[in-house]
There are 2 protein chains.
Amino acid sequence: MISPEPDELGIITPDEKHGHVIIHFDIDCFYAQVEIVRNPTLVDKPVGVKQRTLVVTSNYIARERGIYKCMPVIDALNACPELVLINGEDVAPYREYAEKITSLLREYSDRVEKLGFDENFVDVTEYVSQNSDSLTAKEIQGRIFQEKNYEDIQKCECGCDQLLIKGATLAKTIRERIYKEIGLTTCAGVSWNKLVSKLLSPMHKPNNQTIMFPSQLDSLMYFISDLKKIPGIGRSTLDKLSSVGVTTIAELQLCNLTDLDRIFDRATALRLLKLSYGIDDSSVKFFEKNKSIGVEDSIKPITAFSQCKEKLKIVLKRVSKLLIEDGRVPTSLKVSIRYKNNSGDTVRDSRQTAITSALFRGNVANICLPEVEENILKKCLELTKKMTQPLKHIFITLFGISFGKLIEKKVLGNSFFFPKNLERVVGESSCSQTSRISDEDPSDVYLDETVLSELPLDLKNEVLSSYKSPKLVKCQNEFETQDCPNNWDPEVYKSLPVEIREELISTSKRPAGETLVQKQQKRQKSILEFLCK
Amino acid sequence: MISPEPDELGIITPDEKHGHVIIHFDIDCFYAQVEIVRNPTLVDKPVGVKQRTLVVTSNYIARERGIYKCMPVIDALNACPELVLINGEDVAPYREYAEKITSLLREYSDRVEKLGFDENFVDVTEYVSQNSDSLTAKEIQGRIFQEKNYEDIQKCECGCDQLLIKGATLAKTIRERIYKEIGLTTCAGVSWNKLVSKLLSPMHKPNNQTIMFPSQLDSLMYFISDLKKIPGIGRSTLDKLSSVGVTTIAELQLCNLTDLDRIFDRATALRLLKLSYGIDDSSVKFFEKNKSIGVEDSIKPITAFSQCKEKLKIVLKRVSKLLIEDGRVPTSLKVSIRYKNNSGDTVRDSRQTAITSALFRGNVANICLPEVEENILKKCLELTKKMTQPLKHIFITLFGISFGKLIEKKVLGNSFFFPKNLERVVGESSCSQTSRISDEDPSDVYLDETVLSELPLDLKNEVLSSYKSPKLVKCQNEFETQDCPNNWDPEVYKSLPVEIREELISTSKRPAGETLVQKQQKRQKSILEFLCK
DNA sequence: TGGGGTCCT
DNA sequence: AGGACCC
DNA sequence: TGGGGTCCT
DNA sequence: AGGACCC
Ligand SMILES: Nc1ccn([C@H]2C[C@H](O)[C@@H](COP(=O)(O)OP(=O)(O)OP(=O)(O)O)O2)c(=O)n1
Ligand SMILES: Nc1ccn([C@H]2C[C@H](O)[C@@H](COP(=O)(O)OP(=O)(O)OP(=O)(O)O)O2)c(=O)n1
Ligand SMILES: Nc1ccn([C@H]2C[C@H](O)[C@@H](COP(=O)(O)OP(=O)(O)OP(=O)(O)O)O2)c(=O)n1
Ligand SMILES: Nc1ccn([C@H]2C[C@H](O)[C@@H](COP(=O)(O)OP(=O)(O)OP(=O)(O)O)O2)c(=O)n1
Ligand SMILES: [Mg+2]
Ligand SMILES: [Mg+2]
Ligand SMILES: [Mg+2]
Ligand SMILES: [Mg+2]
């Protein structure tokens with residue numbers, strides 16, 4: 001017993017402060033549960049969710065039969081031939097349920113911090129103190145760590161115990177709401193810091209919650225024992241620790257700082273030491289929107305660069321949906337691939353580029369316009385080419401596309417000296433967004449291309465974006481040969497890439513009857529006009 | 001003439017939009033002028049400002065005698081033996097004048113974007129339209145590019161010309177204020193975009209301003225001619241361009257996209273093309289505080305690691321001053337060195353680490369406490385060691401220390417899974433800052449160390465930070481041997497590093513008369529208590 | 001070849 | 001952490 | 001060995 | 001751009 005000793009009244013003085021009430025929520029066998037909610041006939045069967053060769057999770061029926069997370073499909077079917085496998089390669093449904101959970105939790109606090117799709121930390125300190133009366137209960141909801149009776153637990157002098165108990169009541173209420181309103185069972189951990197709450201939540205899974213009090217802290221860490229269970233300690237840290245003979249939490253607690261100093265800087269050493277004692281003074285972060293939106297797709301190996309476009313297009317179409325749902329305009333694009341390098345090793349690589357929001361013509365929904373899609377696809381291919389350039393043989397087994405630097409409003413204009421920063425303007429606040437492409441049939445009005453090409457680009461795009469595929473294809477044909485603007489040298493014009501011609505035609509403003517003597521100047525003028533969109 | 005041709009009324013239709021009025025301000029021979037203001041006897045002499053072996057700038061008297069920027073001292077004295085050289089290695093005075101300029105400019109717009117110490121872009125569009133009447137003048141202030149008469153200039157159909165002329169009036173007013181209130185002469189460029197304004201400002205230097213109208217754009221770019229003068233085109237880009245035979249702005253304007261495609265991605269190619277035509281739709285960024293504060297110091301080579309601490313301390317003391325003036329607390333620390341590597345090449349390298357704001361005990365001014373300084377110095381040494389580790393021989397010729405991630409308020413608490421992120425909490429808003437250490441004598445009250453060590457850490461630091469060096473030294477002596485807290489194993493206690501003992505003693509709370517049987521548990525308890533600060 | 005900074009990858 | 005850019 | 005994300009360097 | 005971490 002290394003926790004502070006109780007005084008004569010049985011009250012302890014804690015080492016760590018604990019004025020907060022932190023709940024960690026974790027959805028039970030998340031992907032599997034979602035699939036069961038979507039198809040209730042699965043409820044009494046062993047269900048696994050697979051991604052290619054991997055069973056990423058399974059319901060608890062399956063787990064009883066030996067299925068574990070990220071188990072190879074082969075082994076899984078071996079262990080449990082009756083296992084019903086659902087394909088979960090497209091995570092869109094899980095993303096949607098995750099969003100519902102987080103929204104609900106935000107009713108209780110601004111401090112809702114997501115971790116992956118199915119976990120959330122919530123700092124309910126304020127809610128608990130402001131709803132103290134309605135959360136008062138004589139019974140502690142859920143389980144207490146170590147199955148203790150509350151009476152047998154050392155009380156804390158700071159009075160946090162009662163707050164934590166109210167936190168448990170609240171956790172129960174929230175979990176019931178999640179079940180009633182969203183249909184998912186969850187676990188929760190209730191304590192005074194994020195680390196402890198996270199360690200507690202799976203303690204009595206599934207569909208349960210666990211609370212703990214400060215006096216139980218050493219017992220918890222001793223119980224957990226496994227270093228890898230401590231969030232923040234991953235493979236690399238684990239290996240380093242074992243290189244100085246530290247393999248358990250207890251060993252870490254007792255280890256010499258001088259040992260840790262050999263492999264970590266001082267700050268890291270102290271942080272690890274703290275974690276081993278269950279000490280964590282990090283705050284639950286305020287809720288923030290996600291900073292990137294991406295889709296990855298493992299494929300059967302492709303062996304020619306020419307096959308990339310098709311594969312990228314599939315991925316792009318998937319990520320486009322998410323982008324449109326999100327509504328923000330991305331200004332950064334990253335392509336990832338997995339491939340065999342010239343040494344025969346399978347490796348991952350990625351290239352990134354800034355993109356201008358102008359690509360989306362004011363509304364990210366325009367990504368479904370064939371021309372916009374094509375432009376982005378070209379950028380993806382450019383990025384891919386950068387990676388495959390030095391390759392002797394192309395052997396790609398995965399494509400990923402991720403959009404980042406998502407900005408709330410359309411902001412035109414590249415940055416000046418920071419050429420790659422094509423939009424980042426802190427606090428920028430101009431421009432209207434065009435309306436989303438709706439599913440309602442828009443109309444069959446004939447699009448007069450002449451009129452159209454005279455509209456300012458924004459308006460034109462707004463018009464175009466309200467018409468559907470057939471029209472859009474027609475619009476694409478617009479940008480062909482016969483429509484070389486009359487102030488352009490047809491030779492020059494034809495030599496320009498499609499994406500440029502497209503922009504050009506949509507911006508050529510006047511007949512321009514001027515006579516220009518020099519061909520060079522004519523070319524200059526043409527380019528200049530194009531560049532001005 | 002590739003600008004749009006005027007129609008029958010002599011009115012042009014522009015390629016680029018230009019609803020903005022952008023002024024670029026650039027202080028004349030900045031460092032030199034500051035030195036002359038500080039020592040007016042220099043006013044009629046050739047003055048150079050040197051940093052080690054380099055004359056970084058000089059006044060215009062010196063320039064007439066052949067002195068140029070970043071000229072080797074030897075060459076400079078050769079060209080102009082009468083040159084008065086002022087040491088400008090400590091840039092603190094220039095930083096202060098720079099701050100004054102930017103503050104003044106902010107009276108006119110939120111969009112004030114610094115570039116280096118002596119340049120500012122200001123978007124005065126709003127100011128000009130809101131003060132249209134008072135800015136109306138019959139004369140154009142300063143020079144017009146190409147010495148044109150305004151009457152001979154093609155007018156723009158969008159009516160921007162009158163706005164720009166008002167912008168020139170405003171620029172003149174501002175420059176006069178800068179001279180009267182701060183004492184410095186400046187140049188300014190007035191146009192409709194940042195690129196053009198920046199290209200214009202030095203056109204009639206020193207102490208003058210230049211305006212231009214859209215119809216003059218091609219003349220400007222033709223006049224500039226030198227690619228390197230275009231901001232955004234640096235060494236690397238220049239080399240790439242010349243690899244495809246492009247060496248002038250005109251050549252870039254006319255070059256084939258396909259040539260550029262060989263060396264740049266499409267977006268870069270288009271951006272460069274735009275720049276060559278003087279097109280720039282970037283916005284002047286909203287004013288923001290600087291994101292890092294650093295000091296560098298070139299030294300005569302040191303050849304032993306043991307010499308690093310002394311050198312780093314000198315640099316740290318300099319950067320500390322700036323940090324205290326700034327007031328924000330840094331949460332990231334970077335050390336740079338220049339050294340000879342094992343191949344004999346002189347290279348630069350840097351290491352970075354997150355630091356907790358707790359290091360500063362609630363107020364960055366505490367960096368002048370010897371213990372705080374010592375702690376940071378230790379971190380600097382740790383970072384330096386990481387770089388010198390693989391070196392056969394130490395041969396360091398420069399040390400730099402830079403603080404980043406400056407946060408407005410003291411926010412305790414490391415981040416959870418992102419262990420290196422020791423504070424970043426978007427929107428965090430707790431905690432009070434202790435007051436700055438003032439230069440007024442604080443008092444001579446005796447500091448009862450017993451009382452002091454019982455105070456919560458924050459309060460203690462607040463008290464300490466109001467006392468001066470003599471007292472502070474005394475406080476440091478506190479943290480020595482005799483004061484091993486009575487609940488600590490003296491052996492264990494002594495084995496702890498100073499920085500830990502220091503924190504420990506300041507947080508030991510109770511006599512703790514408990515009897516603990518096991519030595520290991522005693523140790524555990526000791527460490528635990530320490531970790532909780 | 002000083003001594004500052006910025007942003008992107 | 002390094003690169004490219006700016007002063 | 002899927003398919004998402006975060007932050008630091 | 002790559003690494004380490006999380007789910
Ligand atoms: N390496 C991983 C870990 C998790 N997941 C997905 C599948 C899980 O369903 C979901 C949530 O992760 P959990 O660790 O919380 O696992 P479960 O929710 O599936 O099970 P549990 O009931 O143990 O929480 O994230 C994944 O795709 N890959
Ligand atoms: N924003 C915070 C601050 C603290 N804690 C938790 C984590 C720790 O277990 C405990 C004590 O942390 P500190 O020592 O940082 O306590 P403070 O008194 O500084 O916290 P606060 O920010 O509430 O004043 O509180 C938290 O969850 N959220
Ligand atoms: N490579 C450089 C460039 C500039 N500076 C410093 C010295 C200058 O005084 C100041 C401003 O840079 P400018 O290019 O504006 O040069 P000056 O202001 O000195 O001269 P000018 O009158 O030409 O603007 O920045 C520097 O230290 N190192
Ligand atoms: N915030 C802005 C936007 C534009 N411009 C300048 C740069 C260009 O020379 C000119 C035209 O740029 P755009 O084509 O982006 O013009 P917009 O009409 O979109 O600008 P605004 O943001 O004012 O609507 O205006 C600027 O200085 N600051
Ligand atoms: Mg989970
Ligand atoms: Mg889960
Ligand atoms: Mg300058
Ligand atoms: Mg200058």
Side-chain angles (χ1 to χ4, degrees), chain A residues 26-27 30-31 49-57 69-73 87-91 94-95 98 114-119 198 231-237 290-298 332 334 348-354 398 400 402 415-421 424, chain B residues 26-27 30-31 49-57 69-73 87-91 94-95 98 113-119 198 231-237 285 290-298 332 334 348-354 398 400 402 415-421 424:
Chain A
D26 188 327
I27 304 173
F30 182 43
Y31 291 4
V49 175
K50 78 175 181 104
Q51 288 169 329
R52 308 286 149 163
T53 67
L54 229 50
V55 178
V56 288
T57 198
K69 288 175 203 170
C70 297
M71 191 181 194
V73 167
N87 188 304
E89 282 151 27
D90 187 336
V91 301
Y94 318 132
R95 198 184 257 108
K114 270 188 87 157
L115 186 60
F117 280 180
D118 88 322
E119 297 183 27
K198 177 154 168 65
I233 298 184
R235 254 280 54 92
S236 155
T237 304
N290 51 316
K291 302 186 157 83
S292 66
I293 297 178
V295 167
E296 263 180 23
D297 196 4
S298 286
S332 150
K334 181 163 68 172
R348 289 184 69 122
D349 207 351
S350 69
R351 298 295 137 162
Q352 199 181 323
T353 188
L398 175 144
S402 177
S415 193
F416 192 56
F417 294 116
F418 309 113
K420 302 303 175 58
N421 175 347
R424 303 301 44 222
Chain B
D26 188 328
I27 305 174
F30 182 42
Y31 291 3
V49 174
K50 77 173 181 102
Q51 289 170 329
R52 307 286 149 166
T53 66
L54 229 50
V55 178
V56 288
T57 197
K69 287 177 204 169
C70 297
M71 189 180 197
V73 167
N87 188 305
E89 283 150 27
D90 187 336
V91 301
Y94 317 134
R95 197 184 259 109
E113 185 179 342
K114 270 188 87 156
L115 186 60
F117 280 180
D118 88 322
E119 297 183 26
K198 178 155 168 66
I233 298 185
R235 257 274 61 87
S236 156
T237 303
K285 302 303 166 291
N290 50 317
K291 301 186 158 84
S292 66
I293 297 178
V295 167
E296 262 179 24
D297 196 5
S298 286
S332 150
K334 181 163 67 172
R348 288 184 69 121
D349 206 349
S350 68
R351 299 295 136 159
Q352 200 181 322
T353 188
L398 175 145
S402 177
S415 194
F416 193 56
F417 294 117
F418 309 112
K420 301 305 176 56
N421 175 347
R424 303 297 46 222

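Just so you know, these numbers come straight off a predicted model, no measurement behind them. Computed from heavy atoms alone, side chains included, the values below leave out hydrogens, waters and symmetry copies. So you know, we letter chains A, B, ... as the sequences are listed, proteins then strands, and number each from 1.
- C:dT1 atom P lies 12 Å from atom CZ of B:Arg348, rounded to whole Å.
- Checking C:dT1, E:dT6, C:dG4 against the side-chain heavy atoms of B:Val91 singles out C:dG4 as nearest.
- In the set E:dG3, E:dC7, E:dG4, E:dG3 carries the atom at the smallest distance from any side-chain atom of A:Leu398.
- Separating the CD atom of B:Gln51 from the C1' atom of C:dG2 is a distance of 4 Å, rounded to the nearest angstrom.
- At D:dG3, none of the side-chain N or O atoms of B:Ser236 fall inside 4.0 Å of OP1 or OP2 (strictly under the cut-off).
- Contacts of B:Asp26 with the nucleic acid, taken as non-hydrogen atoms under 4.0 Å apart, are absent.
- Nucleic acid contact for A:Ser402: none, since no nucleic acid atom lies under 4.0 Å from a heavy atom of the residue.
- Atom CZ of B:Arg52 is separated from atom C1' of C:dG2 by 8 Å (rounded to the nearest Å).
- Side-chain atoms of A:Glu89 never come within 3.5 Å of backbone atoms of A:Asp297 as a donor-acceptor pair (strictly under, hydrogens ignored).
- One interatomic measurement links the two molecules: NZ of B:Lys334 to P of D:dG2, which rounds to 10 Å at whole-angstrom precision.
- If you check every strand for non-hydrogen atoms under 4.0 Å, A:Arg351 touches sugar and phosphate atoms only.
- Using a 4.0 Å heavy-atom criterion, one finds that A:Gly294 contacts the sugar-phosphate atoms exclusively.
- Atom CD1 of B:Ile293 is separated from atom P of C:dT6 by 9 Å (rounded to the nearest Å).
- Looking only at distances, a side-chain donor or acceptor of B:Gln51 sits under 3.5 Å from a matching main-chain atom of B:Gly88.
- Using a 4.0 Å heavy-atom distance criterion, A:Thr237 is classed as a sugar-phosphate-only contact.
- Spacing between D:dG2 and E:dC8 at atom C1', rounded to whole Å, works out to 14 Å.
- Rounding to whole angstrom units, CG of residue A:Asn290 and P of E:dC7 are separated by 11 Å.
- Remark: B:Lys50 is not in phosphate contact with C:dG2, judged by side-chain N or O atoms under 4.0 Å from OP1 or OP2.
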Worksheet item: How is the base pairing of DNA chain C summarised as a dot-bracket string, given the Watson-Crick and G-U wobble criteria with both distances under 3.5 Å, [ ] for crossing and | for another strand?
Response: ..|||||||
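- Nearest to the side chain of A:Asp349, among E:dG4, F:dG2, D:dG2, sits F:dG2.
- Residues that satisfy the salt bridge (charged side-chain N to carboxylate O under 4.0 Å, His left out) test with A:Asp26, not counting sequence neighbours, are absent from this structure.
- No contact: A:Asp90 has no heavy atom under 4.0 Å from any strand.
- Rounded to whole Å, the distance from NZ on B:Lys114 to C1' on C:dG5 is 9 Å.
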Practice prompt. Go through B:Val91 and B:Tyr31 one step at a time and tell me if the side chain to side chain contact (heavy atoms under 4.5 Å, CB included) criterion holds.
Written response: CA-CA 9 Å; B:Val91 301; B:Tyr31 291 3; 4.1 Å; yes
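- Straight-line distance between the P atoms of E:dG5 and D:dC5: roughly 33 Å, to the nearest whole Å.
- Atom OG1 in B:Thr57 sits 11.5 Å away from atom CD1 in B:Ile27 (nearest 0.5 Å).
- Distances were taken from every side-chain heavy atom of B:Leu115 (C-beta onward) to each of C:dC7, C:dG4, D:dC6; the shortest belongs to D:dC6.
- Taking every side-chain heavy atom of B:Phe117 into account, C:dG4 is the closest of C:dG2, C:dG4, E:dG3.
- Phosphate proximity of C:dT1 to B:Ser298: absent, as no side-chain N or O sits under 4.0 Å from OP1 or OP2.
- The residue A:Val56 sits close to a base: some heavy atom pair falls under 4.0 Å.
- Taking atom CD on B:Glu296 and atom P on C:dG5, their separation rounds to 9 Å, with Å as the unit.
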